[in-house]
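A, B, ... follow the sequence lines: proteins, then strands. Residue 1 opens every chain.
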Number of protein chains: 2
Amino acid sequence: MDLIYYQIEEVAQKTGLTKRALRYYEDMKLVTPIRTDAGYRLYSDDDISEILRIRELRDSLGFSLNSIKESLDLQNTLKEILSQSNGDPIVIKKSIEEVEKQIKLISEKEIALSNVKNKYEVVLKQLVELLQRCE
Amino acid sequence: MDLIYYQIEEVAQKTGLTKRALRYYEDMKLVTPIRTDAGYRLYSDDDISEILRIRELRDSLGFSLNSIKESLDLQNTLKEILSQSNGDPIVIKKSIEEVEKQIKLISEKEIALSNVKNKYEVVLKQLVELLQRCE
DNA sequence: TATAACCTTGACGTTAAGGTTAAGGATGGG
DNA sequence: CCCATCCTTAACCTTAACGTCAAGGTTATA
């Protein structure tokens with residue numbers, strides 16, 4: 001079974017990004033589709049799910065493309081480390097620290113988010129009560 | 001007891017923003033410190049906590065200053081609505097919808113965040129195991 | 001009263017993340 | 001073979017969120 005590839009226009013539709021953004025992401029080395037002999041970009045399904053993950057990080061979490069790249073790079077080195085079933089303990093410890101730092105960062109964001117959410121939920125409750133008294 | 005006011009430099013230190021950013025936020029009408037006769041900005045403690053909230057929204061959640069402004073404006077109109085103990089039911093219903101929309105948006109972000117966090121936690125666990133086997 | 005250390009408003013520069021337009025090659029159908 | 005419809009790179013434009021002077025007013029201190 002050979003792989004299916006998509007041209008840029010189709011990928012744009014599938015991911016909700018523009019063609020310009022897809023090309024820009026390639027410049028940033030966030031995705032690297034293969035090319036036809038004529039130079040056309042060909043995206044695999046893996047490329048597309050990668051792009052969707054990037055989109056989620058960008059849209060939902062407001063990460064910059066640079067920090068997204070760092071995050072993806074980190075995940076790749078982690079994969080490498082984990083694939084070799086025994087590696088340098090020093091490298092592993094460093095990676096653990098890195099990952100813990102990321103998790104901590106995310107936890108902070110989670111707290112900030114839930115604060116904002118709580119605030120809105122309090123107001124929502126008050127509004128609903130007010131509406132009931134009005135009717 | 002009269003209020004305490006701070007000049008811009010001190011506010012910059014207290015909030016971790018630059019003076020330029022503070023002036024820019026005033027241009028954006030995110031904060032409006034009072035002025036001395038000579039035109040110096042004077043920030044109150046309330047101004048400072050407002051600025052800290054803005055910072056949190058910007059840093060942790062990646063909101064644009066525009067959407068932060070919209071959010072703050074919404075909260076102000078909500079306060080007004082809630083202060084008048086009976087208002088126009090139509091207005092109230094609209095506000096409820098607005099708030100529900102915001103909460104939904106935040107929930108989406110929360111899910112996205114926890115997905116990313118989970119991914120990292122799985123990797124972290126694997127790394128810790130790998131380290132133990134190495135030692 | 002002079003001088004340093006604040007503050008002010010411009011005004012132009014910068015970076016990220018694309019939008020837009022131009023000029024030209026590839027490809028598929030009639 | 002030709003035309004429409006894809007694709008390519010290159011180059012310049014745009015917006016947000018400031019950074020960075022520059023020129024000048026204010027205030028505290030020696």
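- In this model, the phosphate group of C:dT9 is approached by a side-chain N or O of B:Arg35 to a distance below 4.0 Å at OP1 or OP2.
- Considering only residues two or more places apart in sequence or on other chains, B:Lys119 meets the salt bridge (Lys or Arg N to Asp or Glu O under 4.0 Å) condition with none of them.
- A salt bridge between A:Asp73 and A:Lys69 is present, with a side-chain N of the basic residue lying under 4.0 Å from a carboxylate O of the acidic one.
- The residues A:Lys101 and A:Glu98 are annotated as salt-bridged, a charged nitrogen and a carboxylate oxygen being separated by less than 4.0 angstrom.
- Separation of atoms CD (B:Glu121) and CD1 (A:Ile106) is listed at 8.5 Å; rounding is to 0.5 Å.
- Closest non-hydrogen pair, B:Leu72 versus B:Arg53, comes out as CD2-NH2, 4.0 Å.
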Please list, for nucleotides 13-15 of chain D, all pairs of protein and nucleotide N/O atoms separated by less than 3.5 Å.
none

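- By the salt bridge (Lys or Arg N to Asp or Glu O under 4.0 Å) test, B:Arg35 pairs with B:Glu26, sequence neighbours left out.
- If you take NZ on A:Lys19 and CD on A:Gln7, they are separated by 10.0 Å, rounding to the nearest 0.5 Å.
- Distance CD1 (A:Ile68) to P (C:dG18): 9 Å, rounded to an integer number of Å.
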Restricting to nitrogen or oxygen on both sides, can you table the protein-nucleotides 26-29 of chain D pairs closer than 3.5 Å?
from	atom 1	to	atom 2	distance (Å)
D:dT26	O4'	B:Tyr40	OH	3.4

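- Look at CZ on A:Arg23: it is 12 Å from C1' on D:dA10, rounded to the nearest Å.
- In this entry the distance linking CD of B:Glu10 with C1' of C:dA5 reads 15 Å, nearest Å.
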Discussion item. For nucleotides 16-22 of chain D, give me one character per nucleotide, 5' to 3': B if any protein heavy atom sits under 4.0 Å from the base, S if the only such contacts are to the sugar-phosphate, - if neither.
Written reply: SBBBB--
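- Here C:dC7 presents its P atom at 14 Å from CD of B:Glu26, a figure rounded to the nearest Å.
- In terms of heavy atoms, A:Val123 sits closest to B:Leu78 at CG1-CD1, 3.5 Å.
- Note: CD1 (A:Ile8) to P (C:dA26) measures 18 Å, nearest angstrom.
- With hydrogens and angles left out, the side-chain atoms of B:Gln84 and B:Glu80 include no donor and acceptor closer than 3.5 Å.
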Worksheet item: Could you go step by step and tell me if B:Leu61 and B:Glu56 meet the side chain to side chain contact (heavy atoms under 4.5 Å, CB included) rule?
Response: CA-CA 7 Å; B:Leu61 311 176; B:Glu56 187 172 48; 5.7 Å; no
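- In this entry the distance linking CG of A:Asp27 with C1' of C:dT15 reads 16 Å, nearest Å.
- For A:Arg55, the salt bridge (Lys or Arg N to Asp or Glu O under 4.0 Å) criterion is met by A:Asp59, not counting sequence neighbours.
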